Amino acid sequence: MILLDRVTKIYNKNLGPALDRVSLHVEPKEFVVIIGQSGSGKTTLLKLLTREERPTSGKIIVGGIDYDKLRDRDIPLLRRKVGTVFQDFKLLPNRTVFENVAFALEIVGVGGREIKNTVPKVLDIVNLKSQADHMPQELSGGERQRVAIARAIVRQPKILIADEPTGNLDPKHAWDVIRVLEKINHYGTTVLLTTHNQEIVNKLKRRVVTIEHGHVGSDRASAQYDVKN
Ligand code: ADP
Ligand code: MG
């Protein structure tokens with residue numbers, strides 16, 4: 001469960017708040033699409049959840065972790081619960097697809113046998129099993145993003161945060177990425193997705209939270225979409 005209670009984020013006192021008393025409740029296994037104009041506060045919201053930024057005021061609880069009580073030594077636990085994917089894929093250019101995903105396990109001390117066992121399964125989920133030995137530069141943008149998703153989910157996070165993961169992709173590759181996010185959600189992971197792509201928003205038929213100037217402008221359940229369309 002994700003809970004934000006009247007969360008405000010002020011980066012600069014001379015400017016308005018980036019987020020202003022935002023309250024949001026996301027149930028386990030939900031798929032939530034977050035939309036809003038550039039600068040409305042979407043990335044800030046996600047960065048508060050990953051603890052890249054801290055709120056100026058308000059309460060955040062993610063998967064039972066109260067962020068007010070979070071100590072530095074709890075951060076690895078949080079990283080395990082919350083996987084992240086960004087617009088720019090941030091892959092290691094000199095490592096293969098397999099090695100990019102394996103790296104996420106190596107850095108937390110997972111052994112070679114488990115890595116050999118786990119990585120192909122995850123590459124299968126993102127439909128990249130046959131490209132395991134390819135280098136990132138040999139892949140399309142959509143394939144690169146799916147490597148980044150594989151890396152984000154290889155430790156089985158409860159929550160996957162994807163900040164404009166299709167921002168650099170053409171429509172076909174964007175849909176390949178969205179389908180993979182749906183599959184991961186179907187397996188039980190909560191997904192928070194930000195996007196500018198209206199077609200994706202309309203076709204996904206999921207809960208849509210609109211951020212407007214740091215406020216929650218609207219919060220529309222997926223069922224309401226069926227009525228409209
Ligand atoms: P979005 O992702 O919806 O485009 P952001 O969360 O990135 O919006 O930005 C919201 C507001 O906060 C913008 O006005 C932006 O300029 C400001 N902002 C974002 N990050 C920082 C930062 N690190 N320092 C100062 N201001 C920031
Ligand atoms: Mg953003």
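Here the structure is a predicted model, which means the values were calculated and not measured. Because only heavy atoms are used, hydrogens play no part in the values below, and waters and symmetry mates are left out as well, while side chains stay in. Throughout, numbering of the chain's residues begins at 1 and tracks the sequence.
Residue Ile211 is grouped with residue Ile161 when hydrophobic side chains (ILVMFWY) are merged at heavy-atom distances under 4.5 angstrom, including chains of intermediate members. Hydrophobic clustering places Val147 together with Val180 (ILVMFWY residues linked when any side-chain heavy atoms are closer than 4.5 Å, directly or through intermediates). Leu45 and Leu3 fall into different hydrophobic clusters, defined by Ile, Leu, Val, Met, Phe, Trp and Tyr side-chain heavy atoms under 4.5 Å apart, directly or through other members. Two different hydrophobic clusters hold Ile159 and Phe86 under the rule that ILVMFWY side chains link at heavy-atom gaps under 4.5 Å. Hydrophobic clustering keeps Val82 apart from Ile184 (ILVMFWY residues linked when any side-chain heavy atoms are closer than 4.5 Å, directly or through intermediates).
In this structure, Asn202 CG and Asn197 CG are separated by 9.0 Å, a value rounded to the nearest 0.5 Å. Taken from CD in Gln87 to CG in Leu169, the straight-line distance is 8.5 Å, to the nearest 0.5 Å. Here the CD-NZ distance, from Gln156 to Lys158, works out to 8.0 Å after rounding to the nearest 0.5 Å. Taking CD from Gln198 and NZ from Lys203, the interatomic distance works out to 12.5 Å, rounded to the nearest 0.5 Å. The structure places CD1 of Ile178 at 10.5 Å from CD of Glu199, a figure rounded to the nearest 0.5 Å. Between the CG atom of Leu128 and the CD1 atom of Ile149 there is a distance of 9.5 Å, given to the nearest 0.5 Å.
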For residues 54-80, dump all side-chain donor-acceptor pairs below 3.5 Å to protein atoms at least two apart in sequence or in another chain.
unit_1: Thr56; atom_1: OG1; unit_2: Ile10; atom_2: N; d: 2.7
unit_1: Lys59; atom_1: NZ; unit_2: Asp66; atom_2: OD1; d: 3.4
unit_1: Lys59; atom_1: NZ; unit_2: Asp66; atom_2: OD2; d: 3.0
unit_1: Lys59; atom_1: NZ; unit_2: Asp68; atom_2: OD2; d: 2.9
unit_1: Asp66; atom_1: OD1; unit_2: Asp68; atom_2: N; d: 2.9
unit_1: Tyr67; atom_1: OH; unit_2: Leu49; atom_2: O; d: 2.5
unit_1: Arg71; atom_1: NE; unit_2: Asp74; atom_2: OD2; d: 3.1
unit_1: Arg71; atom_1: NH2; unit_2: Asp74; atom_2: OD1; d: 3.4
unit_1: Arg71; atom_1: NH2; unit_2: Asp74; atom_2: OD2; d: 3.4
unit_1: Asp74; atom_1: OD2; unit_2: Arg71; atom_2: N; d: 2.9
unit_1: Arg79; atom_1: NH1; unit_2: Thr50; atom_2: O; d: 2.8
unit_1: Arg79; atom_1: NH2; unit_2: Thr50; atom_2: O; d: 3.4

Could you list the donor-acceptor pairs under 3.5 angstrom formed between side-chain atoms of residues 12-26 and any protein atom two or more places apart in sequence or on another chain?
unit_1: Asn12; atom_1: OD1; unit_2: Asn14; atom_2: N; d: 2.8
unit_1: Asp20; atom_1: OD2; unit_2: His215; atom_2: NE2; d: 3.4
unit_1: Ser23; atom_1: OG; unit_2: Arg6; atom_2: N; d: 2.9

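Donor-acceptor pairing under 3.5 Å is recorded for the side chains of Asp163 and Thr194.
Arg155 and Leu105 make their closest contact through CG-CD2, 3.6 Å (heavy atoms, listed as atom of the first residue, atom of the second, distance). Closest non-hydrogen pair, Glu164 versus His196, comes out as OE1-ND1, 3.0 Å. Of all heavy-atom pairs spanning Pro157 and Ala152, the tightest one is CG-O, 3.4 Å. What you find for Arg95 and Pro136 is that their closest heavy atoms are O-CD, 3.0 Å. The nearest pair of heavy atoms linking Leu92 to Asn100 is N-OD1, 2.7 Å. The two residues Phe98 and Pro120 make their nearest non-hydrogen contact at CE1-CD, 4.0 Å.
Gln145 contributes a side-chain N or O that, together with a main-chain N or O of Pro165, makes up a donor-acceptor pair within less than 3.5 Å. Looking at Thr189, its side chain never comes within 3.5 Å of a backbone N or O of Asn185 through a donor-acceptor pair. Between the Ser218 side chain and the Arg220 main chain, no donor and acceptor come within less than 3.5 Å of each other. At least one donor-acceptor pair under 3.5 Å links the side chain of Ser140 to the backbone N or O of Glu143. Under the 3.5 Å distance criterion, the side-chain polar atoms of Glu114 are left unmatched by any main-chain donor or acceptor of Gly111.
A cation-pi contact, defined as under 6.0 Å to the ring centre and within 45° of the axis, links Lys9 to Tyr11.
Counted within 6.0 Å of CD on Glu138, heavy atoms from surrounding residues, nucleotides or ligands total more than 12; the atom is thus considered enclosed. Taking a 6.0 Å sphere around NZ of Lys183, one finds it holds more than 12 heavy atoms contributed by other residues, nucleotides or ligands. Dense packing is recorded around NZ of Lys81, with more than 12 heavy atoms of other residues, nucleotides or ligands lying under 6.0 Å away. Annotation for Gln37: atom CD does not count as buried by contact number, only 12 or fewer foreign heavy atoms lying within 6.0 Å.
The shortest distance between side-chain heavy atoms of Trp175 and Ile200 falls below 4.5 Å. By the 4.5 Å heavy-atom criterion applied to side chains, Asp176 and Arg146 are counted as neighbours. Side-chain contact check for Tyr187 versus Ile125: some heavy-atom pair is nearer than 4.5 Å. Side-chain contact between Thr190 and Phe31: absent, with no pair of heavy atoms (C-beta onward) separated by less than 4.5 Å. Using a 4.5 Å cut-off on side-chain heavy atoms (C-beta onward), Leu160 and Leu192 make no contact. Under the 4.5 Å side-chain criterion, counting only non-hydrogen atoms from C-beta, Lys90 is in contact with Arg151.
Ion pair Lys172/Asp170 not flagged as a salt bridge, since none of the NZ, NE, NH1 or NH2 atoms sits closer than 4.0 Å to an Asp/Glu carboxylate oxygen.
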Check the pair Leu204 / Val33 against side-chain contact (heavy atoms from CB on, under 4.5 Å), numbers first and verdict last.
-> CA-CA 9 Å; Leu204 260 180; Val33 186; 4.0 Å; yes
Any chance you could lay out the side-chain contact (heavy atoms from CB on, under 4.5 Å) test for Leu193 and Val32, step after step, and finish with the verdict?
-> CA-CA 6 Å; Leu193 163 73; Val32 183; over 6 Å; no
Hey, mind stepping through Glu99 and Phe103 against side-chain contact (heavy atoms from CB on, under 4.5 Å) and telling me if it holds?
-> CA-CA 6 Å; Glu99 289 164 350; Phe103 188 66; over 6 Å; no
Go through Thr210 and Glu212 one step at a time and tell me if the side-chain contact (heavy atoms from CB on, under 4.5 Å) criterion holds.
-> CA-CA 6 Å; Thr210 308; Glu212 290 167 10; 3.9 Å; yes
Please test Arg206 against Glu182 for salt bridge (charged side-chain N to carboxylate O under 4.0 Å, His left out), starting from the C-alpha separation and ending with a verdict.
-> CA-CA 10 Å; Arg206 301 289 191 149; Glu182 287 199 292; 3.5 Å; yes
